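For clarity, every value in this text was computed on a predicted model and none was experimentally measured. Remember, it's 1-based here, ligands and their atoms both numbered in the order they're listed. In what follows, residues are counted from 1 in the order of the sequence shown.
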Amino acid sequence: MGAEKKGTEEIEYKTSLLPPDEQAIALAARLLQQDEVIGLPTETVYGLAANALSSKAAKKIFTAKGRPQDNPLIAHISRMEMLPMVAAQVTREVMLLADAFWPGPLTIVLPRTEEVAPEVSAGLATVGVRMPAHPVARAVIQAAGFPLAAPSANRSGSPSPTTAQHVLQDMKGKIPVILDGGACQVGVESTVLSMVQEPVILRPGYVTAEEIARVLGRQVHTAGAVTRPLEQQEAPQSPGMKYRHYAPEAEVYIVDGKLEDFTAYLQSRKGENIYALCFAGEEMKMPVPCVSYGKEEDSASQAAELFAALRRLDELGAKVVYARMPSKEGVGLAVYNRLLRAAAFRVVK
Ligand code: TXA
Ligand code: MG
């Protein structure tokens with residue numbers, strides 16, 4: 001963990017990967033209290049966490065990730081008593097949502113308090129808040145004693161990390177500690193729901209619009225930019241919509257068609273470093289080398305495996321990847337949203 005000064009600002013850390021026992025959690029809390037950044041597991045993806053109430057700490061997250069300054073971070077809390085530290089206004093509807101979905105993969109965007117470091121909100125008057133379900137994430141927040149700002153622990157633009165090894169690949173030398181909690185169960189990031197005005201989903205996730213609508217007893221819209229690129233003059237409802245996301249080195253294309261169409265298309269495209277991103281059980285039918293991402297009829301399994309599959313394709317040296325089209329129903333919409341961005345919106349009919 002010894003850190004060496006490199007130039008004036010950037011520090012080269014000796015990054016430790018630790019099992020999340022009591023000792024490691026205490027160490028993580030100490031580091032966080034000293035405004036350091038650590039890697040930690042959540043049920044969705046791994047996070048790059050630091051004190052959400054400290055500008056110095058929050059700035060270090062942006063540096064480690066190479067994240068654009070105008071893209072805000074989510075504040076993570078471990079108990080409801082922490083909510084007023086970050087949210088200035090908690091309505092009855094917000095309490096209904098918290099009761100129904102917290103701890104869990106739902107981020108609620110709310111008016112923020114003055115206590116939240118301005119960097120966390122990237123200058124906005126709002127803050128995204130979530131209470132994660134992962135016991136390690138909650139234990140670390142609890143031990144630190146303050147809310148943690150935590151974006152996904154990948155380098156900005158690359159696929160989100162769903163294992164501690166992925167975090168190490170991206171963050172080695174940039175942070176002192178990564179807590180290894182194994183593979184993330186959900187595998188795609190939380191649903192981001194704005195409750196600042198009418199409820200609107202800014203990023204789909206494991207919690208669906210239908211589930212939220214049922215709890216609120218009213219309609220919940222989903223931002224258009226979830227399933228298409230931003231238009232030229234369109235102001236993004238969430239800064240994250242502007243940026244390139246989840247992209248592996250390889251050029252990815254989604255192929256919209258049945259399995260037979262997919263394999264026929266691949267036959268015509270066979271070549272060096274051409275790969276298929278298929279569903280589990282289809283491997284034997286692929287005319288090119290392939291990696292699978294979950295079962296066709298099981299969106300949750302696709303969510304759990306997609307990011308690891310994209311990283312695997314890069315390790316294999318894939319140059320072009322043709323991907324099977326996921327269902328857009330339920331959790332499938334989150335899978336489609338991530339894959340569409342990984343593919344830079346390239347869809348072949
Ligand atoms: O599951 C998750 O949410 C993970 C884990 C670590 O909790 N975190 C995560 O953070 O995915 P990040 O920073 O990779 O994505 C946060 C997204 C971005 O698209 C950002 O623009 C949006 O949430 N966001 C955050 N605060 C916002 C705000 N105040 N208003 C609008 N969008 C916001
Ligand atoms: Mg991210």
Task: Atoms of ligand 1 close to Val192 [distance to a heavy atom under 4.0 angstrom, numbered from 1] - done: 23 (O)
Open item on the list: If I apply the N/O under 3.5 Å rule, does Tyr46 come out as touching ligand 1?
Closed with: no
Open item on the list: What I want to know is whether Thr42 and ligand 1 share at least one N or O pair that is separated by under 3.5 angstrom.
Closed with: no
Task: Any Asp180 side-chain heavy atom under 4.5 Å of Val167 side chain - done: no
Open item on the list: Rounded to the nearest 0.5 Å, what separates atom OG1 in Thr44 from atom CD in Glu189?
Closed with: 7.0 Å
TODO: Could you tell me which atoms of ligand 1, counted from 1 in the order shown, lie closer than 4.0 angstrom to a heavy atom of Ser152?
DONE: 8 (N), 9 (C), 10 (O), 12 (P), 14 (O)
Open item on the list: If you take the nearest heavy atom of each of Thr44, Leu110, Val196, Leu202, which one is closest to atom 5 (C) of ligand 1?
Closed with: Thr44
Task: Nearest neighbour in protein (non-hydrogen) for atom 15 (O) of ligand 1 - done: Arg203 NH1, 3.0 Å
Open item on the list: Less than 4.5 Å apart, side chain to side chain, heavy atoms only: is that true for Ile254 and Phe345?
Closed with: no
Open item on the list: I want to confirm something. Looking only at heavy atoms, which of Ser238, Ser160, Ser190, Pro236 is nearest to atom 3 (O) of ligand 1?
Closed with: Ser190
TODO: Kindly write out the residues that satisfy side-chain hydrogen bond (donor to acceptor under 3.5 Å, both in side chains) with Gln185, not counting sequence neighbours, or none if the list is empty.
DONE: none
Task: Min side-chain heavy-atom separation Val120-Val86 under 4.5 Å - done: no
- [ ] Quick one: look up the protein heavy atom nearest atom 19 (O) of ligand 1 and list residue, atom name and how far away it is.
- [x] Gly240 CA, 3.5 Å
TODO: Could you list the atoms of ligand 1 found under 4.0 angstrom from a heavy atom of Gly47?
DONE: 6 (C)
Open item on the list: Under 4.0 Å between a side-chain nitrogen and a carboxylate oxygen: does that hold for Glu315 and Arg312?
Closed with: yes
- [ ] Provide the number and element of each atom of ligand 1 under 4.0 Å from a heavy atom of Asn71.
- [x] 18 (C), 20 (C), 21 (O)
TODO: Name all residues meeting the side-chain contact (heavy atoms from CB on, under 4.5 Å) criterion together with Pro72; count only those two or more places apart in sequence or in a different chain, and write none if there are none.
DONE: Ala122, Leu124, Pro239
- [ ] Decide yes or no for Arg138 and His76: does some side-chain heavy atom of the first lie under 4.5 Å from some side-chain heavy atom of the second?
- [x] no
Open item on the list: How far is atom 24 (N) of ligand 1 from the closest protein heavy atom, and which atom is that?
Closed with: Pro72 CG, 3.8 Å
- [ ] Pick whichever of Glu189, Gln237, Lys65, Arg67 has a heavy atom sitting closest to atom 13 (O) of ligand 1.
- [x] Arg67
Task: Linked hydrophobic residues, Met286 as query - side chain contacts closer than 4.5 Å - done: Tyr253, Val255, Leu259, Phe262, Tyr265, Leu266, Ile274, Val288, Val320, Tyr322, Val348
TODO: Would you mind listing which atoms of ligand 1 come within a distance below 4.0 Å of any non-hydrogen atom of Thr126?
DONE: 28 (C), 29 (N), 30 (N)
Task: Option nearest atom 4 (C) of ligand 1 (shortest heavy-atom distance, choices Val120, Leu124, Val45) - done: Val45
Task: the Mg ion (ligand 2) - number of protein N/O/S atoms closer than 2.8 Å - done: 1
- [ ] Taking Thr191 for its side chain and Val207 for its backbone only, find out whether a donor-acceptor pair lies under 3.5 Å.
- [x] yes
- [ ] Report the part of Arg112 in contact with ligand 1, treating N, CA, C, O as backbone and CB onward as side chain, heavy atoms under 4.0 Å; options are side chain, backbone, both, neither.
- [x] neither
Task: Taking atom 7 (O) of ligand 1 as the reference point, the nearest protein heavy atom with its distance - done: His76 NE2, 2.6 Å
Open item on the list: Any heavy-atom pair between the side chains of Met80 and Met95 that's under 4.5 Å?
Closed with: yes
TODO: Would you mind checking if Arg130 and Glu43 are paired as a salt bridge, meaning a charged N to carboxylate O distance below 4.0 Å?
DONE: yes
- [ ] For the residue pair Val321 and Pro248, establish whether any side-chain heavy-atom pair is separated by less than 4.5 Å.
- [x] no
- [ ] Measure the shortest side-chain to side-chain distance between Pro326 and Ser299 over non-hydrogen atoms and say whether it is less than 4.5 angstrom.
- [x] no
Open item on the list: How far is atom 8 (N) of ligand 1 from the closest protein heavy atom, and which atom is that?
Closed with: Ala150 O, 3.6 Å
